[in-house]
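Scroll down for the structure; my scribbles are underneath it.
Just so it is clear, the structure is predicted and the values come from calculations on it, not from any experiment. In the text below, chain A, chain B and the rest are named by the order of the sequence lines, each starting its count at 1. Note that these values count all heavy atoms, side chains included, but never hydrogens, waters or copies made by symmetry.
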Amino acid sequence: MRMSRLFSQTLRDITADAEVASHQLLLRAGFIRQLASGIFSYLPLGHKALRKVEEIIRREMDAIGGQEITMPVVHPAEIWQQTGRWYEVGSEMSRFKDKNDRDMVLAMTHEEVVADLVSREIHSYKQLPQLVYQIQTKWRDDPRPRSGLIRVREFTMKDSYSLDADWEGLDKQYRVHYQSYFNIFNRCGLDVIAVSSDTGMMGGEMAHEYMYLTPIGEDTLLLCDGCGYAANRQIATFAKKANPKEEPAVQEKIATPGTATIDDLARLLDMPASKTAKAVFMMATVGKGEEKEDKFILAVVRGDMEVNETKLANAVGALEMWPANEAEIRAVGSEPGYGSPIGVKGALIIVDDAVASATNLVAGANEPGFHVKNVNCGRDYEAEQIVDIASAREGDGCPRCEAALRAVRGVETGNIFQLGTKFTEALGGNFLDANGKAQSVVMGSYGIGVGRMLACIAEEYNDDNGLVWPITVAPFQVHIVLLAKGEGEAQDVAEKLYGELTGRGLDVLLDDRKDNPGVKFKDADLIGIPVRVTVGDRGLKNGIVEFKLRREEQRLEIPVEDAFEHVVAAVEGLYNELEERVVEVEYEK
RNA sequence: CGGGGUGUAGCGCAGCCCGGCUAGCGCACCUGCUUCGGGAGCAGGGGGUCGCCGGUUCGAAUCCGGCCACCCCGACCA
């Protein structure tokens, strides 16, 4: 590609809208342009980089037996109604009517379509297992897109779907993906960790997320350096320190004016927060299909812990959950700041296991300015459910080895789900087993956000001067900077080298613009192509061209006649470096 | 959806408080000459419904009201 013909331009100033490095640099270097909130175009450089990532994914998917297909972006509502997600998913799914007034949806994922295909194509156990995948556009009307390509509404996703006759088969394909995803990320030079995760709207039994660790990440992860435990905070468990054993004592109402927070209460009574019970009031939408209702939830955790909304929502089967307001709290007979489950009516009471096992806690009296001492679950109030609903935090004990957990931030670049038969049952995805008995196909679903991955790579690989692409995903492998404006030896040499390298199958960008050297060097740094060759009259006088790796300061002078071989070898070396990172990992359940 | 911020040329901004000549600056763009190994110089030039609608006023980029878009924090979500 000749840079004089390149569709995009670099920008000297960054738009005030961009805050994170990847967003700023991808904009400045001319990889992407924003059309609307969370909606981007990929210009030639961005498109080529994206295609490189896609090809790496394709190769790996094909290597594990995947067959590429393309599924529709527009779906009839019916299949989503049959699995129930039409009712469960909120405004994140965009719906519209076609000209015949039929309800349609823009695809946010493709389990329904896969299950529909299964019902048409798979009839016998002899056809299983299968693995299909696509690289397709998804639309999710996220309430708040942000950070450039990290979180968008329209995006490209690689999604694969495994089909098996039984759970053992699923587990096998799941583990193959587990490794395969590491291969993909490693080949792109992106370090990720796999963590156990919530299954969210997918449902299913088990899931992992692949996380690129970065302070700009939106997810909080709890990691144990002792045993390797790693989980998204949404589901992370931890070793809860039990309070000292006590015999249940008699309830006692006490005046505690001005103690609407646990901190104030613990200070007034001069006791640790762990001796108190904290009531948190939420409203939740629950129900199946079109029958939904809002329920009042009273969640109780120990004073020294925090409610984990994902765990709580999972416990009550909430489709949506939000904080209750004061009127709703008083309607069940409680009181903001002085709440407890004692004597409340019409609330679903969910109690954390650490509260249920503790004795003689101080809880609210459901009356302003009063608390009750020696409150005991089961004696003073009944719990609808006793379950872990507390959030793990930095420093909490690892659930497996009790070492201190570390909290880090990460961006989810991929996920894998063991779905089971939820979708195939709903859509008639059956097959006949060896005994002639109809069974539902067992599904797994596996996603990678391709654009998000590119953004993470940009986030990881940059310096003060611009992007520094790993060779495997760089839009071009070699950047020839030609320092001459007219005809002459420099132009001839650059053109010849360009022709030879291109002929060898390399992607080469030739800066043939009639600009000053400074401009060309700045742009080369900004765009970040790994190998740079500078061809100018000054060097040619001595029969040399200059060779430089983007990531290194050092510049080498190479005899013109060796330039081709040197560049080819360098590119190969960079590939091999990344290939060495592709190694077997241990499966962490 | 709650809180905060921004909207003036392709990009970055000033002007707005305190209404008033033809709306300005830098970069980018076009023409010519010079320059040519780290974002060149000189000269000339093109480009604006001041986000949109309404109001106040002799007069609105500027004041008032409504709406829209975008960004950040939170809620939410994969």
Checklist line | Contact nearer the 5' end of RNA chain B, comparing A:Arg452 with A:Gln34 | finding: A:Gln34
Note to self: By nearest heavy atom, map A:Glu218 and A:Gln9 onto RNA chain B; which one lands nearer the 5' end?
What the structure shows: A:Gln9
What contact category does [X] fall into here, base, sugar-phosphate, or nothing, at under 4.0 angstrom with non-hydrogen atoms?
{"X": "A:Asp537", "answer": "nothing"}
{"X": "A:Arg140", "answer": "sugar-phosphate"}
{"X": "A:Glu412", "answer": "base"}
{"X": "A:Glu320", "answer": "nothing"}
{"X": "A:Asp17", "answer": "sugar-phosphate"}
{"X": "A:Glu209", "answer": "nothing"}

Among [options], find the nucleotide with the atom closest to the side chain of [X].
{"X": "A:Lys522", "options": "B:A78, B:C76, B:G39", "value": "B:G39"}
{"X": "A:Thr10", "options": "B:U35, B:C70, B:G39", "value": "B:G39"}
{"X": "A:Pro143", "options": "B:C76, B:C73, B:C70", "value": "B:C76"}

Between the protein and nucleotides 24-27 of chain B, which nitrogen or oxygen pairs are less than 3.5 angstrom apart?
| unit_1 | atom_1 | unit_2 | atom_2 | d |
| --- | --- | --- | --- | --- |
| B:G26 | N2 | A:Asp13 | OD2 | 3.2 |

Next item on the list: Only one of A:Phe185, A:Tyr446, A:Phe417, A:Tyr587 passes ring-ring contact (aromatic ring centres under 6.0 Å, His included) with A:Tyr178; say which it is.
Entry: A:Tyr587
Next item on the list: Taking all heavy atoms of A:Lys520 and all of A:Asp515, pick out the closest pair and write down the distance.
Entry: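 Scanning both residues completely, I find the closest heavy atoms to be CE-O, 3.6 Å.
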Notebook entry, point to check: Between the base of B:G39 and the side chain of A:Asp515, is there any donor-acceptor pair under 3.5 Å?
Noted result: no
Next item on the list: Considering just the side-chain nitrogens and oxygens of A:Ser37, establish if one lies under 4.0 Å of OP1 or OP2 belonging to B:C71.
Entry: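 The answer is yes; a side-chain N or O of A:Ser37 sits under 4.0 Å from OP1 or OP2.
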Item checked: Distance below 4.0 Å between A:Arg144 side-chain N/O and B:C73 OP1 or OP2 -> yes
Margin query: Between B:A40 and B:G66, how far apart are the two P atoms, rounded to whole Å?
Written below: 48 Å
Item checked: Distance (rounded to the nearest 0.5 Å) between A:Glu60 CD and A:His177 NE2 -> 9.5 Å
